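Read the structure below first, then the notes.
No experiment lies behind these values; they were computed from the predicted model shown. Side chains are part of it too, since the values below use all heavy atoms of this structure and drop only hydrogens, waters and symmetry mates. First the proteins, then the strands, lettered A, B, ... as listed; each starts at 1.
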Amino acid sequence: MKWLILRRFSQISILLLFIFAPFWIIKGNLSSSVLLNTVPLTDPYLLLQSFFAGHTIATTALIGALIVLIFYLIVGGRVYCSWVCPINMITDAAAWLRNRLGIKGGNTLSRQLRYWILAMSLLVAFVTGTLAWELVNPVSMFQRSIIFGGIATLFIGIAIFLFDVFIAKNGWCGHLCPVGAFYGLLNKISILRVKATNRSKCDDCLECFAVCPEHQIIKIPLKGKNSNPIISDANCTNCGRCIDVCDKQVFEFSHRFSSSLSQPEKIIHPQEDLHP
Amino acid sequence: MDNKRRQFLTESAKLACQAGLIGLGVGIYARQAQSTPPQALRPPGALSEQAFQAACVRCGLCVRDCPYHTLKLAQPIDLIANGTPFFIARDIPCEMCDDIPCVKICPTGALDPSLKNIDKAQMGLAVLIDQENCLNFLGLRCDVCYRVCPLIDKAITLNLQHNQRTTKHAMFMPTVHSNACTGCGKCEKACVLEIAAIKVVPRQLALGELGEHYRLGWEEKRKAGHSLIPDQLDLPDRMPDKPSDFQPLPLQGFKP
């Protein structure tokens, strides 16, 4: 539970800071803000859309975006999804309810769709010459209307919750959201990663597969013969749920360049592997 | 292998169609979202509407730094591009801060940082749009819009006109000058009528434009210091020399 509680604490306290903290500490919202009256922070995905829409990027926004980029390149791109984005609390709740109600199937969406939507959002920005996607982007709309007030919060929250419960499992965060897709691209080179260090202790209980919102990414680092134990897939959100639920402490937070295992495995040569 | 390729192509086509459909909807909506209602005014220094919607990341920093709570971020239910800052003059007008904090804090340049003097802002243009109900046009001395104008006697002047109803009074017509009006909206806010007779509207809506080749003769004469056309041949005016020169025909059957 440790990481889950820390995550909720992070998500909620970021919102509370934006709403209640004196403006000299932080003001703005997750799209762009000013920390301690000096440090600019800007969402690089928004700035990328702005660039495609034909706007000349201003220095302050560029510096802000670089700071944010560097931060997520260190801690993992989709840390935005699981540690910052408030929509995550809704989709996690939806996944929990879906599981409790035993709802199965209904999902025909591809997990690749989000990357196509990401490309589409940049294309409409280019074609319309405006931040078109931001007119409908639930992620930016949701956090903005929590921080600045407004009824949008309620409707977006309910809509995404119902979508995830009844229409598609992990539908929004795992299939559609281009913000997550954008930050996922940073994951390709980000440093902090989850690692199946003690995978030799795995007793195949499948708890981690059940709890992971992107369960397709665990299989190879955990079970693949001779595979790198680092979960380096773009879609890992570094949420730490697999670390929380595993009785055998198979997983831990590590870094991209660490491939050592707690217990050495028998090296299986590819030839042997073909004929077990 | 061919089957795999076929599967890949089908899958890609499916994804492209799904994303494309969403994109089409968003694109059409984005076009419509550029037609901001005229009473919604942008903060000082805002770029033209399309450029503004390309630049503004909807962070609300201008809203936070506005000391008079003039600015608001558009909600999805507003008819204004979602999340962008605006103000309604009749609710809370712009107080025209000297240091322009909203422009200063804007990280993206959606509010143009080259605006250093708030008197040069062009948020809109006040127009005395209802000349039937304006009290001054009815011959009364309201003058409120003129009095509250931060650029009194520059942006709004009172121009005297003969009152043809009473035949013996003057009417003081509030007259807006587009070269000075910033569109702050204080006149619209202050108008004493139930619905303001003077309203701030987008400049492109309020202003006409002369043909590019038009020259105002009196302006050209003032600039050059003399008339631009050569002296004209002054023909003598034909005036009746003697009363006998002009003999109107007697009207038939007219008895004075």
Side-chain angles (χ1 to χ4, degrees), chain A residues 23 27-34 40-43 46-47 49-64 109-110 112-121 123-125 127-137 140-141 144-145 147-152 155-156 176, chain B residues 8 11-34 47-65 67 71-78 80-85 101 104-113:
Chain A
F23 290 151
K27 67 183 165 193
N29 62 31
L30 293 177
S31 302
S32 193
S33 55
V34 180
L41 299 168
T42 304
D43 186 337
L46 267 164
L47 213 58
Q49 287 181 66
S50 189
F51 174 75
F52 272 83
H55 179 64
T56 315
I57 302 303
T59 321
T60 314
L62 189 63
I63 294 170
L109 298 170
S110 161
Q112 295 302 313
L113 182 54
R114 54 186 141 186
Y115 296 100
W116 288 80
I117 293 179
L118 172 62
M120 176 276 290
S121 69
L123 183 68
V124 283
V127 172
T128 62
T130 66
L131 297 188
W133 179 251
E134 292 308 308
L135 297 171
V136 295
N137 185 355
S140 55
M141 221 191 294
R144 185 170 60 236
S145 57
I147 294 169
F148 282 81
I151 55 150
F155 291 115
I156 302 160
L176 297 173
Chain B
F8 170 76
E11 180 68 8
S12 300
K14 180 179 143 192
L15 290 167
C17 285
Q18 286 171 334
L21 275 176
I22 300 172
L24 187 65
V26 171
I28 292 169
Y29 177 45
R31 277 296 295 158
Q32 295 178 355
Q34 285 179 38
L47 305 173
S48 72
E49 187 60 22
Q50 189 180 9
F52 185 75
Q53 287 195 30
C56 173
V57 294
R58 297 119 211 252
C59 64
L61 282 170
C62 52
V63 175
R64 288 294 194 230
D65 271 15
L71 297 173
K72 290 188 170 41
L73 289 186
Q75 298 275 321
I77 49 163
D78 290 324
I80 304 157
N82 192 3
T84 54
K104 251 193 210 161
I105 196 74
C106 178
T108 62
L111 306 181
D112 190 349

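- Both the backbone and the side chain of B/S12 come within contact range of chain A, judged by heavy atoms closer than 4.5 Å.
- Looking at A/F23 and B/L61, their side chains never come closer than 4.5 Å, going by heavy atoms from C-beta outward.
- The number of heavy-atom neighbours closer than 6.0 Å to CZ of A/F155, taken from other residues, nucleotides and ligands shown, is 12 or below.
- Looking at A/S121, its side chain does come within 3.5 Å of a backbone N or O of A/L118 through a donor-acceptor pair.
- Neither the backbone nor the side chain of A/V127 comes within contact range of chain B; no heavy atoms are under 4.5 Å apart.
- Proximity to chain B (any heavy atom under 4.5 Å) is shown, for A/I63, by neither the backbone nor the side chain.
- Looking only at heavy-atom pairs under 4.5 Å with chain A, the residue among B/E11, B/Q75, B/R64 that has the most is B/R64.
- Contact check for A/I57 versus A/L47: side-chain heavy atoms found under the 4.5 Å cut-off.
- Between atom CG of residue A/D43 and atom OG of residue A/S32 there is a gap of 9.0 Å, rounded to the nearest 0.5 Å.
- Within the 4.5 Å cutoff, the side chain of B/L111 has heavy atoms near those of the B/F52 side chain.
- Contacts between A/L62 and chain B at a heavy-atom distance below 4.5 Å are absent for every atom of the residue.
- Of the listed residues (A/T42, A/L135, A/T60, A/L176), the one with the most heavy-atom contacts under 4.5 Å to chain B is A/L135.
- Closest of all the heavy-atom pairs between A/V124 and B/G23 is CG1-O, 3.4 Å.
- Distance alone, capped at 3.5 Å, is enough to place a donor-acceptor pair between the A/S50 side chain and the B/A54 backbone.
- Across A/A132, A/P40, A/S145, the residue that shares the most heavy-atom pairs under 4.5 angstrom with chain B is A/A132.
- Considering only heavy-atom pairs separated by less than 4.5 Å from chain A, the leading option among B/K14, B/R58, B/E49 is B/R58.
- Counting heavy-atom pairs under 4.5 Å between each of B/A16, B/A51, B/G109 and chain A puts B/A16 at the top.
- Residue A/F51 places its CZ atom among 12 or fewer non-hydrogen atoms of other residues, nucleotides or ligands, all under 6.0 Å distant.
- The contact between A/T128 and chain B is made by backbone and side chain atoms together, counting heavy-atom distances below 4.5 Å.
- Contact of B/L24 with chain A is not made at all, since no heavy-atom distance falls under 4.5 Å.
- Heavy atoms closer than 4.5 Å to chain A are found nowhere in B/C62, neither backbone nor side chain.
- Proximity to chain A (any heavy atom under 4.5 Å) is shown, for B/L15, by both the backbone and the side chain.
- For B/A33, the part sitting under 4.5 Å from any heavy atom of chain A is the side chain, from C-beta outward, and nothing else.
- Counting heavy atoms from C-beta outward, B/T84 and A/E134 have side chains that stay 4.5 Å or more apart.
- With a 4.5 angstrom heavy-atom cutoff, B/K72 does not touch chain A via any of its atoms.
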